[in-house]
Number of protein chains: 2
Amino acid sequence: MTSQSVGASDNIGLLLSLASAQGVAAANAALRPMDLSTRSYTLLELIIRAGGASQRELADTLRLDPSQIVALVDGLEQRGFAQRRPNAADRRQKSVVATNRGRQAYRRARDRVEASLDEVLGELDEAERETLRALLTRIVHPRPATVERVS
Amino acid sequence: MTSQSVGASDNIGLLLSLASAQGVAAANAALRPMDLSTRSYTLLELIIRAGGASQRELADTLRLDPSQIVALVDGLEQRGFAQRRPNAADRRQKSVVATNRGRQAYRRARDRVEASLDEVLGELDEAERETLRALLTRIVHPRPATVERVS
DNA sequence: TATTGTTATACTCTATAACTATA
DNA sequence: TATAGTTATAGAGTATAACAATA
């Protein structure tokens, strides 16, 4: 038995990136027949849940450069899944909203994505998944350290 | 307060990919002055710990295509951090080993990487990090499901 | 002056296929 | 016939810089 002999190690950064790659690959495979990627699916999910969002908000949430949001929204718009609407309150902004067709596509896609994620997380029970979610949330969205101003 | 209003959600796949991206970005920033990337650093770490490995073993461990290993090993070799040695037992294989200079570079790099990772995981105490490591290990390296053969 | 969306560009990653030399 | 390493190439993903319209 020669393979696997090097060992995946205890490197937590490597583990994070391998787990993430596994999740993204599984989700992309599940979404391919729906003409969606992990990214465009996540974007669609966000605008559906929020009932619309500016591109700046989407960029902040997904930690992407605004210019990448342009391309993603273009893609969703071309497929009729989303629309850009002018924002009367601030004419610099555009409100990105899902179309009915987009909501429909999202519902079908969600089932496939949840199934694929379930396969990736297969070994973990519900409580363990919740623990993982909580730990990751604290990495991704850390509360700002209490400002102890030394005057 | 308009930004952050969309919310990072409870999507565990998104959380995984955001956390991973944060870790990789921090490590890359820490490694840049050392002429190493997260990838080449991890590869160097593997061959040092294992005392040498075939490119196939490295590809399996890092879940990369063998062709990507070629480029990474080329890079390490050009910088004098690693060497390819013929394997007398199987002349198809090459044993990738670290040089003294590679081991030296790794030790300096490791301090920087650990510091950057510590910043990313800042909020989590040692026990929580261990929990995270254990959960991720079970996602990345799942035990094969017990084969229940229905005869 | 600063912010939103946009275009352009370059660079890294990732995914595939095909080739060679060895087994 | 299968495996280890290699080359080539195309497609995603990422990172920057600069610009027009608006605040």
Side-chain angles (χ1 to χ4, degrees), chain A residues 1-3 5-6 14 17-18 20-29 31-32 35-43 52-77 82-96, chain B residues 1-3 5-6 14 17-18 20-29 31-32 35-43 52-77 82-96:
Chain A
M1 192 185 282
T2 60
S3 71
S5 70
V6 179
L14 176 58
S17 109
L18 292 178
S20 165
Q22 249 176 257
V24 171
N28 275 334
L31 289 168
R32 195 157 300 132
D35 203 19
L36 283 170
S37 66
T38 308
R39 275 289 160 68
S40 52
Y41 167 80
T42 306
L43 187 57
S54 77
Q55 299 188 189
R56 162 53 82 184
E57 287 172 324
L58 294 171
D60 285 347
T61 303
L62 297 177
R63 266 73 156 178
L64 293 177
D65 190 90
S67 64
Q68 297 179 246
I69 302 294
V70 172
L72 284 169
V73 173
D74 284 351
L76 289 182
E77 210 164 32
Q83 272 185 337
R84 276 182 248 240
R85 293 205 185 140
N87 180 343
D90 184 338
R91 277 154 50 211
R92 289 175 305 183
Q93 291 192 168
K94 295 173 186 176
S95 183
V96 183
Chain B
M1 192 184 281
T2 60
S3 71
S5 68
V6 180
L14 177 58
S17 110
L18 292 177
S20 165
Q22 249 176 257
V24 171
N28 275 334
L31 289 169
R32 194 158 299 134
D35 203 18
L36 283 170
S37 66
T38 308
R39 275 289 159 68
S40 52
Y41 168 80
T42 306
L43 188 57
S54 76
Q55 296 188 191
R56 162 54 83 183
E57 288 173 323
L58 294 171
D60 285 347
T61 302
L62 297 177
R63 265 72 156 179
L64 292 177
D65 190 90
S67 65
Q68 297 178 247
I69 302 294
V70 173
L72 285 169
V73 174
D74 283 352
L76 289 182
E77 210 164 31
Q83 271 186 338
R84 277 182 248 240
R85 292 202 185 142
N87 180 342
D90 183 339
R91 277 153 51 210
R92 290 174 304 183
Q93 291 192 170
K94 296 172 184 176
S95 182
V96 183

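In the text below, chain A, chain B and the rest are named by the order of the sequence lines, each starting its count at 1.
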Give the rounded distance in Å between these two atoms: [atom1] of [X] and [atom2] of [N].
| X | N | atom1 | atom2 | value |
| --- | --- | --- | --- | --- |
| A:Glu57 | C:dT3 | CD | C1' | 13 Å |
| A:Leu62 | D:dG13 | CG | P | 13 Å |
| B:Gln22 | D:dA15 | CD | P | 12 Å |
| B:Arg56 | D:dT3 | CZ | C1' | 8 Å |

The bend of the helix from C:dT1-D:dA23 to C:dA23-D:dT1, taken between the axes of its five terminal pairs at each end and rounded to 10°, is 10°
So which of A:Val24, A:Leu64, A:Asn28 actually passes side chain to side chain contact (heavy atoms under 4.5 Å, CB included) with A:Arg39?
-> A:Leu64
Intermediate values then yes/no, side-chain contact (heavy atoms from CB on, under 4.5 Å), A:Thr38 and B:Leu14 = CA-CA 9 Å; A:Thr38 308; B:Leu14 177 58; over 6 Å; no
Sub-4.5 Å side-chain heavy-atom contact between A:Pro66 and A:Gln55 | no
Do B:Leu36 and B:Leu76 have side-chain heavy atoms sitting under 4.5 Å apart?
-> yes
Name all residues meeting the side-chain contact (heavy atoms from CB on, under 4.5 Å) criterion together with A:Asp35; count only those two or more places apart in sequence or in a different chain, and write none if there are none.
-> A:Arg79
Of all residues at least two apart in sequence or in a different chain, which pass the salt bridge (charged side-chain N to carboxylate O under 4.0 Å, His left out) check with B:Arg84?
-> B:Asp74, B:Glu77
What residues form a salt bridge (charged side-chain N to carboxylate O under 4.0 Å, His left out) with B:Asp65, not counting sequence neighbours?
-> none
With sequence neighbours excluded, what pairs up with A:Asn87 under the side chain to side chain donor-acceptor pair (under 3.5 Å) test?
-> none
5' to 3', nucleotides 6-22 of chain C under a 4.0 Å protein heavy-atom cut-off (B base, S sugar-phosphate only, - none) gives BBB-----B-B-----B
